[in-house]
A.B. asks: 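I am attaching a structure below and will ask some questions about it afterwards.
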There are 2 protein chains.
Amino acid sequence: MNYSRQRETVYDVLRSTKDHPSADWIYGECKKIIPNIGLATVYRNLEQLVAQGKAIKVPVGQDKDRFDADVSLHVHGACPVCGKVWDEEVSAPLNDALKAECEKNHSDGYSLTFFRVCGECKAKQEQ
Amino acid sequence: MNYSRQRETVYDVLRSTKDHPSADWIYGECKKIIPNIGLATVYRNLEQLVAQGKAIKVPVGQDKDRFDADVSLHVHGACPVCGKVWDEEVSAPLNDALKAECEKNHSDGYSLTFFRVCGECKAKQEQ
DNA sequence: AGCAAAATCGAGAATTATTCTCATTTTATT
DNA sequence: AATAAAATGAGAATAATTCTCGATTTTGCT
């Protein structure tokens, strides 16, 4: 694998946010830095970052894939209305039980997402 | 919401399996019962069943959406190689911790999937 | 049963996210 | 500087899903 400014930029952009962005948002941000970067390049590099273990795809059942540069095992929250994704802090007992289960069933990892209408969407619904 | 044979068939097919099938597999099965059923009808009815709370979409980060007629909160396993999805039995402490967390953060539900290469794919890899 | 309104359907077109192709450019090596 | 391998940008191709629309089915009413 050779160095490329595009790949570095994709990684920088992904690390710059905790918003679990989609590929096209990352593409937009990269364009601000490398105006003629191609969308396919962004997809290619995201794929490689995931393969290298430097990023993960967050499966939240939305239309678009979401990416995260935080590859540690952690829990997500997601709004089923607007699709927003955030990191969710969970209790120590839950974390311990997850870790234990993972070891017990020899899993490579897990994905845990709690679904909850976010404050913004709840406010809109009540209007 | 009116009755329709197509919707009943989609629901019957979905309930008949524990394989967490994709829309096109369900379409294939429905065709055996109603040969001229349309793919859009299957998608439409799956969407309605989900909206009614009679089915869930299982987010496993695969290309295709997976559906499940078991709407109780339960844990999934998924093979990152072939995409197979199964129900995973977990320890009582984990179940309790999940339920507690859900109540604590007022979530509508959660999705927990453990990733693990399935026996079949592991056997192939070792050849 | 007969009728009108509303719901649903089937077929195929349209949309959307993602992947692929290929000629060109960049990177690493000598 | 010459070369091979890797990466790129642009746009075409693919694949899952959604939309459109005229035809059919279901429901509620008489």
Side-chain angles (χ1 to χ4, degrees), chain A residues 1-14 19-52 54-68 78 80-85, chain B residues 1-14 19-52 54-68 78 80-85:
Chain A
M1 155 125 37
N2 285 349
Y3 167 86
S4 89
R5 187 157 89 94
Q6 286 84 347
R7 179 154 47 239
E8 191 174 51
T9 303
V10 168
Y11 191 37
D12 286 347
V13 165
L14 184 57
D19 285 347
H20 309 79
S22 61
D24 71 328
W25 184 89
I26 295 168
Y27 173 58
E29 292 302 302
C30 287
K31 275 198 118 146
K32 294 178 185 169
I33 301 160
I34 307 178
N36 70 330
I37 195 171
L39 178 56
T41 301
V42 172
Y43 272 101
R44 257 189 309 246
N45 284 317
L46 284 170
E47 189 189 347
Q48 293 200 32
L49 289 169
V50 170
Q52 277 184 83
K54 295 169 102 174
I56 54 170
K57 258 189 210 183
V58 184
V60 284
Q62 292 293 126
D63 42 354
K64 300 175 193 174
D65 285 342
R66 303 305 207 86
F67 295 87
D68 191 349
V81 178
C82 69
K84 199 180 298 164
V85 179
Chain B
M1 155 123 38
N2 285 348
Y3 167 86
S4 89
R5 186 156 91 95
Q6 286 85 347
R7 180 155 46 239
E8 191 174 49
T9 303
V10 167
Y11 191 37
D12 286 346
V13 165
L14 184 57
D19 286 347
H20 308 78
S22 60
D24 71 330
W25 184 90
I26 295 167
Y27 174 55
E29 292 302 302
C30 287
K31 276 196 119 147
K32 295 178 186 171
I33 300 161
I34 307 178
N36 71 329
I37 195 171
L39 178 57
T41 300
V42 172
Y43 273 101
R44 256 189 309 245
N45 284 316
L46 285 170
E47 190 189 347
Q48 292 201 29
L49 289 169
V50 170
Q52 277 183 83
K54 295 169 102 173
I56 54 170
K57 258 189 208 182
V58 185
V60 285
Q62 291 295 127
D63 42 354
K64 301 174 192 175
D65 286 342
R66 302 305 206 88
F67 295 88
D68 190 348
V81 178
C82 68
K84 199 181 298 166
V85 180

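Chain naming here is simple, since letters A, B, ... match the order of the sequence lines and numbering starts at 1 in each. Please read these numbers as outputs of a predicted model, since none were measured by experiment. Below, each value reflects all heavy atoms present in this structure, side chains not excepted, and no hydrogens, waters or symmetry copies.
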A.B. asks: Could you tell me if the side chain of B:Asp24 sits less than 4.5 Å from the side chain of B:Ile26, heavy atoms only?
C.D. replies: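 Result no, sub-4.5 Å side-chain heavy-atom pair not found.
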A.B. asks: Quick check: does any side chain N or O of A:Arg7 sit under 3.5 Å from a backbone N or O of A:Asn2, one acting as donor and the other as acceptor?
C.D. replies: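 It does hold such a pair.
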A.B. asks: Assign each of B:Leu39 and B:Arg5 to its nearest nucleotide of DNA chain D by heavy atoms, then name whichever residue's nucleotide is nearer the 5' end.
C.D. replies: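 Its nearest nucleotide being more 5', the pick is B:Leu39.
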A.B. asks: Any non-hydrogen side-chain atom of B:Val13 less than 4.5 Å from a side-chain atom of B:Val42?
C.D. replies: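 They are not in side-chain contact.
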A.B. asks: Just the endpoints, please: which first and last nucleotides of DNA chain D, 5' to 3', lie under 4.0 Å from a heavy atom of chain A?
C.D. replies: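 Endpoints of the contacted stretch of DNA chain D: D:dA6 to D:dG11.
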A.B. asks: Has the side chain of B:Arg66 got a donor or acceptor atom that lies under 3.5 Å from a matching backbone atom of B:His20?
C.D. replies: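 Checking the backbone N and O of B:His20 against the side chain of B:Arg66, a donor-acceptor pair under 3.5 Å is found.
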A.B. asks: Looking for any heavy atom pair under 4.0 Å, which part of the strands does A:Thr41 touch: base, sugar-phosphate only, or nothing?
C.D. replies: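 Base: the residue A:Thr41, judged by heavy atoms under 4.0 Å, touches a nucleobase.
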A.B. asks: On DNA chain C, check which nucleotide each of A:Lys64 and B:Ser4 is closest to and give me the residue with the more 5' one.
C.D. replies: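 Taking each residue's closest nucleotide, the earlier one in sequence belongs to B:Ser4.
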A.B. asks: With sequence neighbours left out, write down each residue that passes side-chain hydrogen bond (donor to acceptor under 3.5 Å, both in side chains) with A:Asp65, or none if nothing qualifies.
C.D. replies: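 Once residues adjacent in sequence are excluded, the partners of A:Asp65 under the side-chain hydrogen bond (donor to acceptor under 3.5 Å, both in side chains) criterion are A:Lys57.
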A.B. asks: Could you name each residue pair satisfying salt bridge (Lys or Arg N to Asp or Glu O under 4.0 Å) that touches residues 32-52 of chain B, not counting sequence neighbours?
C.D. replies: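 Only B:Glu29-B:Lys32 qualify under salt bridge (Lys or Arg N to Asp or Glu O under 4.0 Å).
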A.B. asks: With a strict under 4.0 Å distance from non-hydrogen atoms of chain A, what nucleotide opens and what nucleotide closes the contacted stretch of DNA chain C, reading 5' to 3'?
C.D. replies: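 Range of nucleotides within reach of chain A: C:dA17 to C:dA28.
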A.B. asks: Quick one, B:Val50 and B:Leu46 - any side-chain contact, counting heavy atoms below 4.5 Å?
C.D. replies: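 B:Val50 vs B:Leu46: side chains apart.
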A.B. asks: Quick one: on DNA chain D, does B:Tyr43 or B:Met1 contact a more 5' nucleotide (nearest heavy atom)?
C.D. replies: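 Nearer the 5' end of the strand: B:Tyr43.
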A.B. asks: Hey, can you pull the residues of residues 20-34 of chain B with a non-hydrogen atom under 4.0 angstrom from DNA chain D?
C.D. replies: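 Correct list: empty, so none.
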A.B. asks: Could you give the angle between the helix axes at the two ends of the helix from C:dA1-D:dT30 to C:dT30-D:dA1, with five pairs per end, rounded to 10 degrees?
C.D. replies: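 Taking the rotation axis at each end, their angle is 40°.
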A.B. asks: Give, for atom CG of A:Asn45 and atom NZ of A:Lys54, the distance between the pair rounded to the nearest 0.5 Å.
C.D. replies: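 Here the rounded value is 10.5 Å.
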